[in-house]
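Report on one structure; see the data block that follows.
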Amino acid sequence: MFKSEYLNKVYETTAQRNPNQPEFLQAVRDVLESLEVVVAKDSRFEKYGVIERMVEPERTIAFRVSWVDDNGKVQVNRGFRVQFNSAIGPYKGGLRFHPSVNASVIKFLGFEQTFKNSLTGLPMGGGKGGSDFDPRGRSDGEIMRFCQSFMTELSKHIGADTDVPAGDIGVGAREVGYLFGQYKRLRNEFTGVITGKGISYGGSLIRPEATGFGAVYYADEMLHTFGEEVKGKTFAVSGFGNVAWGTVKKINELGGKVVTISGPDGYIYDADGIATEEKINFMLEMRASGRDKVQDYADKFGVPFYAGQRPWGEKFDVAMPCATQNEVGLEDAKKMVANGVKYYVEVANMPTTDEAVAYFRQNKVVIAPSKAVNAGGVAVSGLEMAQNSMRYSWTSEEVDTKLKQIMKNIYKNSYDAAKKYGLEGDLVAGANIAGFEKVAEAMIAQGIAY
Ligand code: 2IT
């Protein structure tokens with residue numbers, strides 16, 4: 001499968017050890033492919049067993065989360081925290097509450113997080129957690145009790161200098177508030193143990209916008225390489241949550257037009273663009289309603305809604321999938337290529353199946369990989385940690401300026417890393433290599449026995 005015997009051996013062992021974890025193995029394959037050129041040039045990574053150590057989490061915690069629903073019935077969910085790699089800083093990464101969450105999903109996210117966090121240039125290791133709890137249709141009281149029960153166990157394993165969670169799908173400002181409140185109550189400590197906090201209790205300005213804003217800053221940098229820019233381009237976005245919202249907002253600010261958003265129920269097409277403040281704010285209302293239906297947008301603004309379909313067959317210049325893993329498959333990729341789409345910018349974590357990635361590559365579509373594109377979210381989480389440590393807060397402008405610079409650096413470092421190995425223009429390889437190098441050097445420096 002790989003040209004390198006070493007990588008083959010590592011991958012085979014990983015596949016044998018994790019037989020029911022397709023998402024995790026997919027994420028590992030993606031990184032190992034990019035590392036062919038690196039291990040061919042530098043034998044230290046094999047000598048020090050760096051890659052076999054990297055694919056095994058330092059620690060995996062799985063726990064029962066029991067809670068009582070509004071009808072007095074006992075509910076049981078499963079909680080996870082995977083502490084993947086602490087070579088360059090405390091474990092850092094979000095919590096996802098969604099019925100699709102299982103060990104494979106959390107491990108793929110934690111593995112990717114390690115490289116993503118490294119790319120930001122900030123001192124953060126990789127971790128991820130969550131639960132198969134489904135927040136849809138749950139009352140505020142149920143959400144609070146679930147979060148309190150979840151944190152009662154999680155609090156034993158995290159800390160401001162150990163492991164710092166944040167939000168992800170299904171975990172927004174409200175959930176972070178309940179989680180933080182419970183941690184503080186249990187430990188009698190007000191620390192920066194979680195990011196994405198509200199502004200009144202240690203949150204950072206621009207954190208809600210950061211993932212989407214960062215993704216568009218990255219896209220603009222990438223387009224500049226080809227003598228193009230966001231301005232004047234048409235975008236297809238999927239999802240309508242926090243990440244899609246920030247993406248749509250920033251595309252508009254830079255003069256682009258977004259014609260689609262989507263939900264589990266289908267997608268909407270707005271020929272005028274999701275361009276007014278009212279339309280953009282309505283995305284937040286739809287998310288807050290907990291209905292998880294994008295049809296509400298079509299009903300409100302009188303635009304077409306396509307039930308059960310994805311937006312990728314529409315006409316646009318740049319695709320920015322912002323929903324979830326493996327949301328773009330081969331058929332979607334074929335439609336985009338047939339319509340002349342040249343730029344494919346992953347915003348959700350690992351939104352593209354292996355087959356779709358291969359098809360894009362064959363057809364010379366530029367792929368911007370999620371672990372670089374969406375790193376602005378965790379970067380501003382890192383800035384929130386810095387502000388908490390200083391007991392200080394920066395203005396929106398200060399945070400946004402730092403975010404923009406971080407995204408520029410990520411693009412440049414990825415581009416340069418690919419070029420260094422003769423893969424100029426391969427942004428996927430570049431991100432994997434640049435993210436890997438820093439973590440690998442830190443692991444080698446710190447010795448084997450950990
Ligand atoms: O996937 C991600 O990078 C996140 N959900 C954000 C993680 C964080 O710690 O802010």
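Every number for a ligand or one of its atoms is a count from 1 in the order of the listing.
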Could you go through residues 402-410 and list every donor-acceptor pair under 3.5 Å that involves a side-chain atom there, pairing it with any protein atom two or more places apart or in another chain?
residue	atom	partner	partner atom	Å
Q405	NE2	N409	OD1	3.1
N409	ND2	Q405	O	3.4

Quick one: list whatever passes side-chain hydrogen bond (donor to acceptor under 3.5 Å, both in side chains) with E112, sequence neighbours left out.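 E112: side-chain hydrogen bond (donor to acceptor under 3.5 Å, both in side chains) contacts with K371.
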Roughly how far apart are S118 OG and I88 CD1, rounded to 0.5 Å?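 These two atoms lie 4.5 Å from each other.
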Distance, nearest 0.5 Å, that separates OG1 of T225 from CD of E424: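 Here the rounded value is 9.5 Å.
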Short N or O contacts of ligand 1 with protein, under 3.5 Å, listed by atom name?
residue	atom	partner	partner atom	Å
ligand 1	1 (O)	K116	NZ	3.0
ligand 1	1 (O)	K128	NZ	3.0
ligand 1	1 (O)	N349	ND2	3.1
ligand 1	3 (O)	Q113	NE2	3.1
ligand 1	3 (O)	K116	NZ	2.7
ligand 1	5 (N)	K128	NZ	3.4
ligand 1	5 (N)	G167	O	3.2
ligand 1	5 (N)	D168	OD1	2.8
ligand 1	9 (O)	K92	NZ	2.7
ligand 1	10 (O)	R207	NH2	2.9
ligand 1	10 (O)	S381	OG	2.5

According to side-chain hydrogen bond (donor to acceptor under 3.5 Å, both in side chains), does anything in residues 236-246 pair up with another residue at least two apart or in another chain? List the pairs.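 side-chain hydrogen bond (donor to acceptor under 3.5 Å, both in side chains) check on residues 236-246 returns S238-E327.
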Verify the distance criterion only: is there a donor paired with an acceptor across the side chains of Q148 and R145 at less than 3.5 Å?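 Side chains of Q148 and R145: no pair found under 3.5 Å.
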